[in-house]
Novice: 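Sharing a structure below in structure tokens format, with a few things to ask.
Below, all heavy atoms of this structure are taken into account, side chains as well, without hydrogens, waters or symmetry copies.
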Amino acid sequence: MIVKSSNPHRAPNTAQPARDWTADALCRGINAPEVFFPKGAGASDPQHIGRVKALCNPCPVRMTCALTALRNRCDWGIWGALDENQRRRILRHQPGDLKAAVRAEWNRSSTNPYFEAYAKRTEQQENGHVRWLVRSTSVTVLGRNYTPAQLGLILARGRDPHGTTKAICGRPSCVAPEHLADDIVRWERSRNAA
């Protein structure tokens with residue numbers, strides 16, 4: 001077909017609109033948003049999070065998905081095989097190269113001995129609380145002993161705990177990563193409250 005242009009010096013616009021990256025996402029066919037955006041007990045369940053990340057891993061738009069969540073500061077859910085804690089860790093360090101930071105986080109989580117030790121010994125409970133299942137109150141990871149709360153804090157903050165680590169959710173035995181605080185976290189909270 002021949003298209004006549006009103007301006008003989010300008011070619012007609014034949015470009016197709018950009019394709020939305022979500023059209024290529026493997027999760028597009030899953031009609032259950034709670035899988036990727038769990039509420040309540042599923043929000044901090046390490047087994048559930050691991051299963052969802054496994055769905056993301058072969059996705060052809062995994063990087064685009066992760067970058068979208070980071071650039072838009074998406075606070076919850078699993079995007080591009082990154083959970084909330086991983087995205088917060090990336091943004092806290094404010095890397096110059098987001099793609100490299102995402103790849104580093106993917107590599108870190110796929111071989112995270114802290115996560116493996118935690119996931120094997122915990123059970124999700126109501127209201128986002130997590131219970132330590134084994135009798136032992138310490139576990140050795142990479143040659144160091146940690147309490148259950150210390151392991152949870154390492155998963156939440158990406159660093160070793162400083163001082164006493166304990167639950168701040170009102171349930172002393174809870175080891176949900178987002179319910180834990182060490183001396184630094186408590187100090188930051190008190191400073192922000194003032």
Side-chain angles (χ1 to χ4, degrees), residues 33-57 66 69 73-93 101-102 104-193:
E34 64 276 4
V35 169
F36 292 92
F37 303 96
K39 295 179 183 175
S44 61
D45 179 8
Q47 288 85 5
H48 175 80
I49 292 169
R51 285 191 299 270
V52 173
K53 287 180 180 182
L55 291 173
C56 295
N57 284 335
R73 307 264 185 204
C74 296
D75 290 333
W76 63 288
I78 297 164
W79 293 74
L82 295 176
D83 62 40
E84 296 99 336
N85 292 328
Q86 292 173 302
R87 290 194 306 277
R88 275 195 289 273
R89 191 169 24 254
I90 290 171
L91 292 172
R92 194 170 32 243
H93 295 294
V102 167
E105 196 62 43
W106 285 338
N107 290 336
R108 184 181 117 107
S109 66
S110 67
T111 59
N112 187 340
Y114 300 100
F115 179 80
E116 290 175 19
Y118 180 86
K120 289 178 187 175
R121 295 168 176 87
T122 56
E123 175 183 77
Q124 186 66 45
Q125 296 192 309
E126 74 284 346
N127 299 323
H129 299 291
V130 176
R131 181 172 73 103
W132 189 252
L133 294 174
V134 296
R135 197 173 258 203
S136 173
T137 57
S138 71
V139 63
T140 303
V141 179
L142 300 176
R144 290 188 58 194
N145 287 331
Y146 295 98
T147 67
Q150 289 173 329
L151 268 182
L153 187 100
I154 289 168
L155 293 175
R157 304 288 172 174
R159 62 168 174 78
D160 277 346
H162 296 276
T164 305
T165 303
K166 57 186 176 181
I168 55 173
C169 61
R171 187 178 281 186
S173 62
C174 180
V175 294
E178 64 275 10
H179 294 181
L180 300 168
D182 63 355
D183 290 349
I184 293 173
V185 174
R186 285 190 294 279
W187 177 80
E188 288 171 346
R189 287 173 53 128
S190 67
R191 195 177 82 180
N192 291 337

Novice: Taking salt bridge (Lys or Arg N to Asp or Glu O under 4.0 Å) as the test, write out the residues that go with R189, two or more places apart.
Specialist: none
Novice: For the side chain of W106 and the backbone of G80, is there at least one donor-acceptor N/O pair under 3.5 Å apart?
Specialist: yes
Novice: Under 3.5 Å, which donor-acceptor pairs do the side chains of residues 161-172 form with other protein atoms, sequence neighbours left out?
Specialist:
unit_1, atom_1, unit_2, atom_2, d
R171, NH1, Q125, OE1, 3.4
R171, NH1, E126, OE2, 3.4
R171, NH2, E126, OE2, 2.8

Novice: Is any side-chain heavy atom of R73 closer than 4.5 Å to one of L91?
Specialist: yes
Novice: I'd like to know whether CZ of R92 has more than 12 heavy-atom contacts from other residues, nucleotides or ligands below 6.0 angstrom.
Specialist: yes
Novice: Once side chain to side chain donor-acceptor pair (under 3.5 Å) is applied, what residue pairs with a partner in residues 132-142 remain, sequence neighbours excluded?
Specialist: T140-N145
Novice: Go through the structure and list residues passing salt bridge (Lys or Arg N to Asp or Glu O under 4.0 Å) with E188, not counting sequence neighbours.
Specialist: none
Novice: Using the ring pair (Phe, Tyr, Trp, His ring centres under 6.0 Å) criterion, which residues pair with W76? Sequence neighbours excluded.
Specialist: F37
Novice: Identify the heavy atoms of V175 and T122 that sit nearest to each other, and give their distance.
Specialist: CG2-CG2, 4.1 Å
Novice: Please name all residues satisfying side-chain hydrogen bond (donor to acceptor under 3.5 Å, both in side chains) with R157, sequence neighbours left out, ordered by chain then number.
Specialist: none
Novice: Is there a donor-acceptor pair under 3.5 Å between the side chain of R144 and the backbone N or O of V139?
Specialist: no
Novice: May I ask you to say whether R89 pairs ionically with D83, meaning some side-chain N is under 4.0 Å from a carboxylate O?
Specialist: no
Novice: If you round to the nearest 0.5 Å, how far is CD1 of I154 from CZ of R159?
Specialist: 9.5 Å
Novice: Looking at D75 and R88, what are the two nearest heavy atoms and their distance?
Specialist: O-NH1, 4.2 Å
